[in-house]
Amino acid sequence: MALATLLLPAAVLAVSAALSWGADAVGLAVGRYIVAAAAWLSLAVLAAVWLAGGRGLVEFTPGITTAVAPLRLRMDAVVVLFQVAVLVPAALLLTFQSRSSREAAIAGLAAAAALLCLEGGSLLWTAIGLGVCMSLVLIDLHREEQRGSVPFWGVQTIAWLLLVWTAVLLEAAGGTSVFGAIPVTALRLPAFAVLAAAAVLCAGVLPVRTWVSEAWTRRRLEAGTLAIALLVPIGFYLLVRAYGMGAGQWPASQANLVVAAIGSTAAVGAAVRAQAATTRRGFLAEAVPLGSGVALLAVGLGTPLGLVAALMGVLSVSIVAGLAPLVPSDRGPVALLAIAVPAGAPPTVVFGSLLLSVQAALEAGVVQAFLGLAVVAAWLLGLAAAARAVRLRDASADTGLNGSRVGSLVTAVVAVAAGVGLTLVVALLAIPAAAEVMPPTPVQGQGAGGVSPSAILGAGSLGVSTASGGWSSALLAGPIVLLALVAVAAAPLLRWHAARTSVAEAPLAPAIVELEPPPAPLFTPPLAPVPARAAGWLKAFRLPAQYRSLFRPALMEAAVARSKPWLWVAVTVVLTIAVTR
Amino acid sequence: MPWAAIGLHLVALVLYPGLVLILAVGILAEGAASVAVDTAGLRAAPFAPVRRLRDGAARAWPPLLGGALLAALAATQLAVPANPLSPLERNLLVAAVAIATAMWLGLGWAWSPPGARAALVVQACWLVALLSPAVVSETLRPQVLGAVTVPAQLPLKALSGLLYLFCLPAILQLVDEPVPATGVAAVRVLLWLPLCGLGVSLFLPPASDDAVGSLRFIASTIGVALIAIALGVALTKTDLRSIYLRLASVLAGGVLVVAAFTAAVTSAVA
Amino acid sequence: MIATLAVAGAALAWVGAATLLLSDDRRGLAVGLAVVGMGLALSTAAAGQDRLVAAALALGGVGSGALHLGRGTHGWGLMRPGATPRVIGSLVAVILTVVVAGAGVHDLAGVARLGGLVVAALAAGRVLTVTGRWVALGAGSALALGLGALGTGPALVVAAAVAVALGLIDLAGPAEAAA
Amino acid sequence: MISAQSPIWRRAPPPQLWLAVGGVAATAAVLSASDLSYGLPLRDLVRVPGPGRIILIASAGAVLLTTGLAPHRISRWQLLGAGLGAVGAMAVLVAITDPLAVALLLILVGFGWATRRGGRPLAIRVRGPAFAALLLGVGWAFHGTTAPEWLGRAAALSLALSLVAAAGLFPYLQQVDPDEPAGYSYLAWTGFFAPALALTLPYRLLPALTPDQATVFGATLVGLGLLNLGWGVVGAWRTDTETEAWRCSFLADWGLVMVGTGLFQADGLAAAYLALLAIVLVRLPLYLWARPALLQREFPAVRGPVSVLVAVLLAGAAPFSGFPVRLLLLQAATRTGWPLAVLLLAGMVLWIAHSLRLARTVGSPRGRGALGLWLTVVISLILGMFSGTIRAAAGL
């Protein structure tokens, strides 16, 4: 039973990948549909086995030692939340993006690997899973387009190796990297710093432009956006698990502050880049970094509310990751709605998570409150950027990729529905997950007392109500959506009336006026040219001619290998003198 | 299913302090603005806002609908007496984001780069004015912030109120020489109550929870609107407009410094 | 008397290795190998090794030398033009070896090891610098003998066997032109 | 014309047949060496450590895999004979317990290997083995010297350097001629003979060294290991020719091996053991699959999943053979000191820079070549997934 609970969701995807591959082999172009259906089925299976299993901790340790570590799988509330965060955008993208059967097979395998990575019962197994997932994503990326895949590989390899090293450091300090058995004292500041570096690199949450935004510069978006959907949540998973390792807290409050600061600056950076985008795709490329930055701020706060906000942030980022690539290139109502969702317009789930994050920052302390203020500024800038993005030309229109109107409508509806049912998502997914890593047993410092639903949810769980403020998601957002639907239904009548009463006026201009050239940025990003300038300087950098030979391995190899081996003798003599002195 | 609660919230959105009150205050204030700023005749003044709304609905109803709903959402967050929403459910940030979103809907509708830049700067300053007291008091509940009388926080509150008032003309597009584009104007009609009412909620002591209190709140809101209009006229007629944004930015910077200082002092004392 | 024999054997081995170093033709190689074998056998026997084992070393040297007579160009090829550096090398090698490794010599076995070390060093030097096939093979045999002399019992026998085995390579004729 | 299909298997020429039979016999004899030790009056002269046993089997497997499925220019019977003969010689090197005897056999094997027709002259090809034999013999002869103390340290250094010289690593690099058949080039030592030595010699030498000498031995291996790692990853990335890139990639692998061996920790030794198995069973076969492209100097773009898979495999990503090596090495290095781990991490990160370049040379072969390539990938996967079992089989 335990094995089935753990492996079924991934197995469904893996089998569909095999079927898709087989379909491709026999020339049937149905692979895409098989994998898409499998992704939704996997989501359903995950929910079913989780609820059927009593939503408790499930561990599987068959006693087999593979890849130098005993196989150990684990499923708890944290894993389920992050698997949902991976599966929702993956399912959306696999359903609404066009892929060949072979591409769909690789994508399905990558998604399965991501699920297994999250199910790793120890940090070492998480690292192994990340390595496999990263490799499959790389194959997908490289197969689609070579450009940009090597830098992605580089960054992800650094993240992966740092994660492996973290597991090693934990085993050295505490004798194990098994999540349930790591001694509280094992996660010291150096190990945490390495883990945090791995996490931010994996999730691409930095103040500067990362692989997440770069993935949008590719000609085709399929592989890049799937990579974002699969890998960004894994990065956050590591930071959330770190709370579990430290019994609800990170090794030092400075670490919390640094991570929170990185998050808020990342959000501001993404918003600044978004408002300066020259295409709509450029704006959408910053949607995930913006949300990720806010989520990173929240996860860095180190308070129960902060963690819940961060987990909600991860879920909203996953919806944005699934929505952004599907935004149609026109300027119709669906496109407007789809662009408004990532910007955090009320009453979507993105809005709810941003609201929770800022409230958590406000309650966490003075410095954190000011970081929250920066995030609100980023939010405002994001809204302005979204308003501008409506008028931007869509680069993807040149390549004939126009997103998916149905897909973006479905996703936007999901985002709004999740916004209305915010408290349900918080109560079912976020609070249990936060309680998993922030145990209620009182510990000193931040996180003391653990996560309490009554401190986050209002009366009847119809709204969020924390110490600093409330938000009646169900009672206010619900009626607003209702009114909007009524108005949309009555719109034709309104238009007819308006037309009848203004017959004397000149014929009306089209709803949205085409602006050519696209609107200028609200302001030029202050440090925008710096990376390009630095890269140019590095490219142009040349050693003085007389020293170049010292740094040319070929010349030294020629000296060592091709000449008579006096150099061998010389080196031996020098080493002998060195060790005998 | 809590139908009663849903009904109350629906009332708050549609009637009081929602759409109906928004339209009433909006038409009143917009009429005054068209007299004072656009120098329209007294007779034409009441019809100007109605025409703007009608044109807006005819040209692009989705943004106007969005703007109306967001304005209603913002209005429900005000510390207006007899508000069907309990004080615990109100949130300054919800109101701020709803107002900002509505404004950008209008700006996106009729985009002009200089106007957008000015709006961004002034909205940033406006947010500083809104959130600085909240950061120090560690709460986002409007009525709580309005009731703050801690001596150490009063200078910040006063300075923030001043900044808030100073930002209103630009946020309401009263400083621009030409009449704002249709989209902006239509949305502006809907934002008088949320914008001015939020200022009243945050910077004036809460009124009693009865009809008199409600009238007092509405009067104060209209008063704030008239001050904003007067300030807008003054700025339009004088050369101050050229340095207006700079002044707002400097004032916002000052508010931030004072907020940081106050927060440090407060936490040191605590 | 025994000590004199040990030193004389080591010196003889050096002479053989020097001959090997200075010669480019088959007679020189053959004689050099034979002298190396006998010299090392003498010094190791004097140092107390089993006489039979020492004889095996001598036999290995002589046998390998005899096999090297079967190929390569005729003559001694001693002190060809350009051989001066090798002359100096053979002298410097013995001096350096005595100075460096001499510190570790406390008994007759040490003397024998010193002889083996000199031979190994000179033979290795030859292997590293030569380009001709047969000369390299001869130097390889000498290297095996020299290294063997550094050990005891079985190592000496293996060294002799290796030296002879190297002598057997390419007896059929040249497989590549001597470069 | 080089392809996986040609030349066709010809009738086995007698010399190759005898060489193959001899090699198999020697290997079989050595694998049952413990019985022989009791059966014959060999006393302690012949004993095969666990890792040596495994590397012998792996080498035989690699010979069969590459002879049967890799593209070659020369008769497969010749290759099989030479390969199995080499395995036999390797078996003897692995079995002999006296390092001095190993040094002597190294000379014999070196010259025997160098006499094969083709490629560079014998005198050039024997330099590495001969120098390694000299260092090993001299080091072993003087390791027991306690007075003066420095002579013992020099002996330990010499022993460590003998391993470096035998494998042809930096600073004892050998010239690699792109057109020289793989079996004749020095990579045959780097990728075939030397791994056996590296897996047996330390077990023979370490018990005989004093702590002071062991420190010198280990420090030399770690230092030169890091040097080779850096040299290998940077060289394979920056060098002009793909053949050089492949040679440098071997150096990088050996860098990990030497660091692992020099740390004297169970995990480090296991990492070295697994890395050596990967060299023999994965990198060397992949190099042989890349030979046709290297000779024709035509490198297709890396597009197919197989090529990227090979790149990932070469980069040491999980779950392939490189992963357990990296993990165990990081464990051992972290216990020794985090700066060492940081240096290793830097090398491992730079590693990916050349992986795609090498994968490009392997390309996507068809027919028998594709089968062989997939087999190699599967072997790498097994080495990565079941490294614990493989480690246990060697008693590590």
Side-chain angles (χ1 to χ4, degrees), chain A residues 64-70 102 106 124 127-132 134-136 138-143 146 149-150 153-154 157-158 160-162 164-165 167-169 171-172 190 551-554 556-565 567-572 575-581, chain D residues 127 131 135 150-151 153-154 156-158 161 165 170-176 216 219-220 231 234-235 238-240 244 248 270 301-305 307-309 311-312 315 317-319 323-324 326-328 330-331 334-335 338 341 345 348-349 351-353 356 384-389 391:
Chain A
I64 309 165
T65 296
T66 58
V68 306
R102 188 158 291 195
I106 298 171
L124 186 54
I128 293 171
L130 178 62
V132 176
M134 176 188 81
S135 304
L136 287 162
L138 176 74
I139 291 172
D140 196 18
L141 282 168
H142 207 85
R143 195 173 186 284
Q146 291 185 39
S149 57
V150 173
W153 191 20
T157 304
I158 294 171
W160 174 68
L161 283 169
L162 289 175
V164 172
W165 194 29
V168 167
L169 288 168
E171 287 188 350
F551 297 92
R552 285 179 58 187
M556 292 183 75
E557 279 203 28
V560 175
R562 301 209 174 95
S563 63
K564 282 190 175 180
L567 200 62
W568 294 8
V569 178
V571 169
T572 313
L575 285 172
T576 312
I577 293 167
V579 299
T580 50
R581 280 180 76 247
Chain D
R127 283 176 179 169
F131 196 61
L135 290 168
W150 59 263
L151 199 56
R153 286 208 298 276
L157 171 75
S158 176
L161 291 180
F170 191 86
Y172 304 124
L173 295 173
Q174 297 256 343
Q175 185 180 354
V176 173
V216 171
T220 308
W231 191 273
V234 174
R238 305 292 303 162
T239 192
D240 302 332
E244 273 298 317
C248 289
V302 180
R303 286 307 296 268
S307 301
V308 186
L309 195 68
V312 167
F323 169 67
R326 282 155 177 74
L327 176 67
L328 291 167
L330 281 175
Q331 281 174 340
T334 306
R335 277 193 216 101
W338 64 266
L345 274 171
M348 292 169 186
V349 169
W351 201 289
I352 66 163
L356 269 173
M385 293 291 291
F386 303 104
S387 51
T389 318
R391 182 182 173 180

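To find a chain, count down the sequence lines: A is the first, B the second, and so on, and within it residues start at 1. Owing to the predicted nature of the structure, the values given are computational and were not obtained by experimental measurement.
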ask   = Looking at Leu161(A), Val571(A), Thr157(A), which has the largest count of heavy-atom pairs under 4.5 Å with chain D?
value = Leu161(A)

inquiry  = Report which part of Thr576(A) has an atom under 4.5 Å of a heavy atom belonging to chain D: side chain, backbone, both, or neither.
reply    = both

message = Given heavy-atom pairs under 4.5 angstrom as the criterion, report whether the side chain, backbone, both or neither of Ser149(A) touches chain D.
response = neither

inquiry  = Rounded to the nearest 0.5 Å, what separates atom CH2 in Trp338(D) from atom CG in Leu330(D)?
reply    = 14.0 Å

inquiry  = Please report the interatomic distance CG(Leu161(D)) to OH(Tyr172(D)), rounded to the nearest 0.5 Å.
reply    = 4.0 Å

key: Main-chain N/O of Ala154(D) paired with Ser158(D) side-chain donor or acceptor, under 3.5 Å   = no

ask   = Is there a donor-acceptor pair under 3.5 Å between the side chain of Trp160(A) and the backbone N or O of Ala127(A)?
value = yes

remark   = From the list Thr220(D), Val349(D), Ile352(D), the residue making the most non-hydrogen contacts under 4.5 Å with chain A is Ile352(D)

